[in-house]
Amino acid sequence: MSERLKTSLWVEAHIRTCFAADRPAFVLARGDADRGGILLKIDGFDAGITLLERTLDFDGNRVWRQLLVGADAGAASEQVAKKRAFDEDLWVVEIEDLRQTYEPDAPVLED
């Protein structure tokens, strides 16, 4: 059995990393502290909102799946609500990325 970092610790560390890079980040919804999924809501302001969901690829590597790109606030909120209705253990983290320079910590898969 492989060791896995608790979701709550990953979220706390990621928020600190974002703030250190002058990118405010906030928890919008808390999920299961140990094994909850993560949804990143990246607000690019004029560039719109991008939603990324943490998942695994076929080889078991952690990746981010792109759910929305350049969406308006209404569409993003609707998608987040659908995901949270399906999975109450899901964490939602919003990152304010005014300069559109945010890079996730794993590869992004485009749908």
Side-chain angles (χ1 to χ4, degrees):
M1 184 166 134
S2 67
E3 292 296 317
R4 181 178 166 163
L5 183 65
K6 289 184 176 187
T7 303
S8 60
L9 292 176
W10 185 93
V11 169
E12 289 175 22
H14 200 68
I15 287 174
R16 289 177 190 226
T17 300
C18 287
F19 270 98
D22 197 27
R23 239 181 252 111
F26 310 92
V27 174
L28 298 180
R30 292 184 185 278
D32 182 87
D34 293 330
R35 301 190 57 79
I38 300 172
L39 185 68
L40 296 181
K41 179 182 177 188
I42 305 161
D43 189 347
F45 295 90
D46 291 339
I49 296 171
T50 298
L51 290 181
L52 301 176
E53 180 177 36
R54 189 169 76 169
T55 189
L56 298 175
D57 67 9
F58 290 114
D59 296 322
N61 301 310
R62 188 177 56 195
V63 296
W64 292 95
R65 186 169 60 99
Q66 220 171 49
L67 301 177
L68 290 175
V69 177
D72 63 32
S77 293
E78 183 179 316
Q79 183 72 16
V80 168
K82 283 181 185 177
K83 287 287 186 181
R84 286 278 299 159
F86 179 75
D87 182 3
E88 295 175 353
D89 292 332
L90 184 68
W91 288 71
V92 181
V93 177
E94 180 169 349
I95 300 167
E96 295 180 357
D97 188 23
L98 183 61
R99 296 182 307 271
Q100 290 98 41
T101 57
Y102 175 77
E103 293 287 329
D105 64 341
V108 175
L109 300 178
E110 299 177 12
D111 283 344

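All values below come from the heavy atoms of this structure, side chains included, with hydrogens, waters and symmetry mates left out. Heads up: numbering here begins at 1 and tracks the sequence.
For the atom pair CD (E103) and CZ (R23), the distance works out to 8.5 Å, reported to the nearest 0.5 Å. Rounding to the nearest 0.5 angstrom, the gap separating the NZ atom in K41 from the NZ atom in K83 is 15.5 Å. For the atom pair D34 CG and K6 NZ, the distance stands at 4.5 Å (nearest 0.5 Å). Residue L40 holds its CG atom at 10.5 Å from CG of L28, rounded to the nearest 0.5 Å.
Not one N or O on the side chain of D59 forms a donor-acceptor pair closer than 3.5 Å with the backbone of N61. Checked by atom type and distance alone, the side chain of Q100 pairs as donor or acceptor with a backbone atom of G44 at under 3.5 Å. Put simply, the side chain of R84 gets close to the backbone of L90: a donor and an acceptor are under 3.5 Å apart. Counting only distance, with no hydrogens or angles, the side chain of W91 and the backbone of D32 share a donor-acceptor pair below 3.5 Å.
Here the closest heavy-atom approach between residue V80 and residue L39 is recorded as CG2-CD2, 3.8 Å. Counting all heavy atoms, side chain and backbone alike, D97 lies closest to F45 at N-CE1, 4.0 Å. Between I95 and C18, the closest heavy-atom pair is CD1-SG, 4.0 Å.
By the 4.5 Å heavy-atom criterion applied to side chains, I49 and E94 are not counted as neighbours. Using a 4.5 Å heavy-atom cutoff, the side chains of Q66 and L51 are not in contact. When side chains are defined from C-beta on, T50 does not count as touching Y102, because their heavy atoms never get closer than 4.5 Å. Annotation: side chain of R30 is not in contact with side chain of V11 (no heavy-atom distance under 4.5 Å). Between R35 and D89, the closest side-chain pair of non-hydrogen atoms is not below 4.5 Å. Contact check for E53 versus W64: no side-chain heavy atoms found under the 4.5 Å cut-off. Residues T7 and I38 form a side-chain contact, since some pair of their non-hydrogen atoms from C-beta on lies under 4.5 Å apart.
Follow the hydrophobic side-chain contacts under 4.5 Å out from L5 and you reach I15 in the same cluster. Neither L56 nor L52 shares a network with the other; the hydrophobic side chains, linked directly or stepwise wherever heavy atoms of I, L, V, M, F, W or Y lie under 4.5 Å apart, form separate groups for each.
With respect to E12 and R16, no salt bridge is recorded, no charged nitrogen being found less than 4.0 Å from a carboxylate O.
Atom CG of D46 is surrounded by 12 or fewer heavy atoms from other residues, nucleotides or ligands within 6.0 Å.
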field: Pair E110-V69, side-chain contact (heavy atoms from CB on, under 4.5 Å): steps then yes or no
entry: CA-CA 10 Å; E110 299 177 12; V69 177; over 6 Å; no
